[in-house]
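Take a look at the structure below.
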Amino acid sequence: MEQRYRWKNRQLRNHAAVLDGTLSPTILLQNATYLNQIFRKWMTANIWIYRDRIVYVGDKLPARTDNCEIMDCSDGFIVPGYIEPHAHPFQLYNPHALALYASQHGTTTLINDNMLLALQLDKKKAFTFLAEMNRLPVSMYWWCRFDAQTEIKDEELVFSNGNVKAWLEHEAVIQGGELTGWPKLLDGDDMMLHWMQETKRMGKKIEGHFPGASEKTLAKMMLFGADCDHEAMTGEEVRDRLMQGYMVSLRHSSIRPDLPKLLQEIHELDIAVYDKFIMTTDGSSSSFYEKGMMDELISIAMENGVPVIDAYNMATINAARYYNMEHLHGNIATGRVANLNFLQDIKDPNPVSVLSKGKWVKRDGEETGSFPEIDWKQFGLAPLQLDWSLEKDDLQFSMPFGIRMENSVITKPYSISIDVAPEELSKDHDECFFMLVDREGKWRLNTLLKGFATGLGGLASSYSNTGDIILIGKNKQDMFMAFNRMKAMGGGIAIFEEGVSQVEISLPLKGLMSDLSVKELIQAEHELFGYLRDKGYRFADPIYSLLFFSSTHLPYIRITQQGIYDVMKKTILFPTIMR
């Protein structure tokens with residue numbers, strides 16, 4: 001029978017038995033100086049833990065300690081496990097690898113995007129995957145997307161009323177969104193509005209995605225049910241969201257490393273109340289996490305004038321209260337899940353030891369090997385099997401206009417003035433051949449991409465928003481070879497130059513995710529990013545460039561399964577070509 005409650009009656013009786021002295025706690029933290037967010041100060045107490053739960057915090061000691069690990073904590077400080085409220089756990093890394101890496105930096109609760117699961121897995125496999133993630137020694141929660149964030153074929157089947165309702169009703173799903181399709185909502189999409197109503201009826205939150213939104217738009221979205229937004233890019237935009245009643249998620253990510261600037265501008269506006277702020281890294285690339293995750297954001301907050309306790313609160317109790325999970329997460333008190341970070345110094349939020357769900361996931365600076373292995377194939381996350389080949393005729397380019405990159409993720413149209421007939425383009429300019437090819441091999445879309453590189457031979461990537469294949473390069477033969485290598489790897493990113501392999505990252509989990517650790521991916525990304533910079537890539541994050549070429553929640557022009565799409569006019573400018 002499915003367990004509907006976090007703790008069964010028998011487990012709750014055992015928790016009480018520890019207080020009665022008939023059962024020993026499993027861990028006793030004596031003389032612990034910890035952050036008490038009720039009193040908003042550092043206090044000293046004894047913390048009793050039974051398996052995955054804190055059963056007592058106070059002056060008393062347990063009557064029985066016969067099956068108990070006793071630890072004297074008088075030399076350090078303890079804070080709650082950190083919460084990442086807006087994780088995208090599929091940015092080359094997989095959710096298991098991200099959770100493991102995050103836990104080593106004290107982030108023991110992640111609230112995760114479900115986009116890849118919704119697009120790539122059927123509902124049964126997706127929900128089985130959620131159950132498997134729940135077995136990890138960290139707390140994994142999820143969103144429910146309402147749209148594909150791009151123009152896909154058969155979107156009404158993927159995001160059907162039945163599918164969305166089933167996701168919303170799942171106990172691991174605690175919010176709807178993020179609302180990348182909010183323009184459709186404003187234009188009268190009553191199905192999305194219905195899903196928002198259902199989300200609110202279930203007592204769950206709705207995450208916005210409102211870059212550059214006017215005061216009027218913010219007010220409308222609040223009326224429709226939005227609760228939080230992470231797209232404020234200036235202090236004024238933070239203030240606008242606070243004025244309309246939003247929880248504001250301050251972002252610091254690989255494409256928007258805004259936190260220092262936001263905090264400086266917030267303080268210039270004389271905003272010094274932090275209870276309505278949380279923080280997010282917004283699904284950054286692996287290399288951005290080299291210094292840490294939420295611990296790094298806490299450090300940045302302290303360095304930019306946020307009081308120490310408020311800095312910790314923005315990564316703990318504020319998020320827990322917002323998501324109505326204060327009874328489980330975000331503070332150190334009786335009844336909470338035993339997610340605790342052990343610090344050497346209050347000003348250094350990177351923990352030396354981490355308890356998560358009552359298990360040591362990091363001890364004295366070392367990973368403990370507490371994460372179980374995952375059998376990815378049972379979820380359909382096997383290597384990519386392409387039963388088709390790229391043909392010479394596929395690389396025909398005759399478009400009158402191409403796509404110009406403004407930064408890592410913003411793209412605009414431009415008029416093509418160069419000769420696109422040769423097998424190789426000149427390296428004197430930054431225009432490349434650019435293709436999106438159906439993963440099933442049924443259609444293709446060919447144009448030019450300006451601004452990505454000046455000297456790139458050929459790049460092939462199965463990593464994209466929809467899982468379709470991206471090809472970029474100056475040389476058609478190198479593009480062919482990169483595609484064939486990507487295919488042979490079972491998915492991934494491959495780069496060739498003059499017929500020789502230069503860089504590759506294998507993505508054996510459906511061509512979208514690596515099975516490497518985040519530490520290993522950091523090194524692989526350094527190699528990839530360094531190579532692309534040498535070839536003329538001049539923006540912040542090429543991983544996000546590959547991901548967002550198809551993403552219609554961003555202006556101005558996108559390459560999608562339907563064709564080249566004008567986001568502002570909501571029209572297909574040039575349809576895909578059947579192969």
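Remember, it's a predicted structure, so these values are computed and weren't measured experimentally.
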Answer yes if the ring centres of [X] and [Y] are under 6.0 angstrom apart, and no otherwise.
X    : Y    : result
H88  : Y544 : no
W182 : H553 : no
F539 : F452 : no

Any carboxylate oxygen within less than 4.0 angstrom of a Lys/Arg side-chain nitrogen, looking at [X] and [Y]?
X    : Y    : value
K535 : E497 : yes
D468 : R439 : no
R256 : D282 : no

Counting neighbours of NZ on K392 that are heavy atoms of other residues, nucleotides or ligands and sit closer than 6.0 Å, is the number greater than 12?
yes
Enclosure of K153 NZ (heavy-atom neighbours >12, cutoff 6.0 Å):
yes
Are a donor atom and an acceptor atom from the side chains of [X] and [Y] found within less than 3.5 Å of each other?
X    : Y    : result
S285 : D541 : yes
T560 : E151 : no
E84  : T280 : yes
H526 : E290 : yes
T180 : D147 : yes
Y537 : T454 : no

F379 six-ring face occupied by K125 cation (under 6.0 Å, within 45°):
no
Answer yes or no for K476 and F433: cation-pi contact, defined as NZ/CZ to six-membered ring centre under 6.0 Å and angle to ring axis within 45°.
yes
Separation between CG of L573 and CE of M399, rounded to the nearest 0.5 Å:
8.0 Å
Evaluate the ring-ring contact (aromatic ring centres under 6.0 Å, His included) criterion for residues F210 and H230: first the C-alpha distance (whole Å), next the side-chain angles of each, then the deciding distance (0.1 Å), finally the verdict.
CA-CA 8 Å; F210 311 138; H230 58 283; 8.7 Å; no
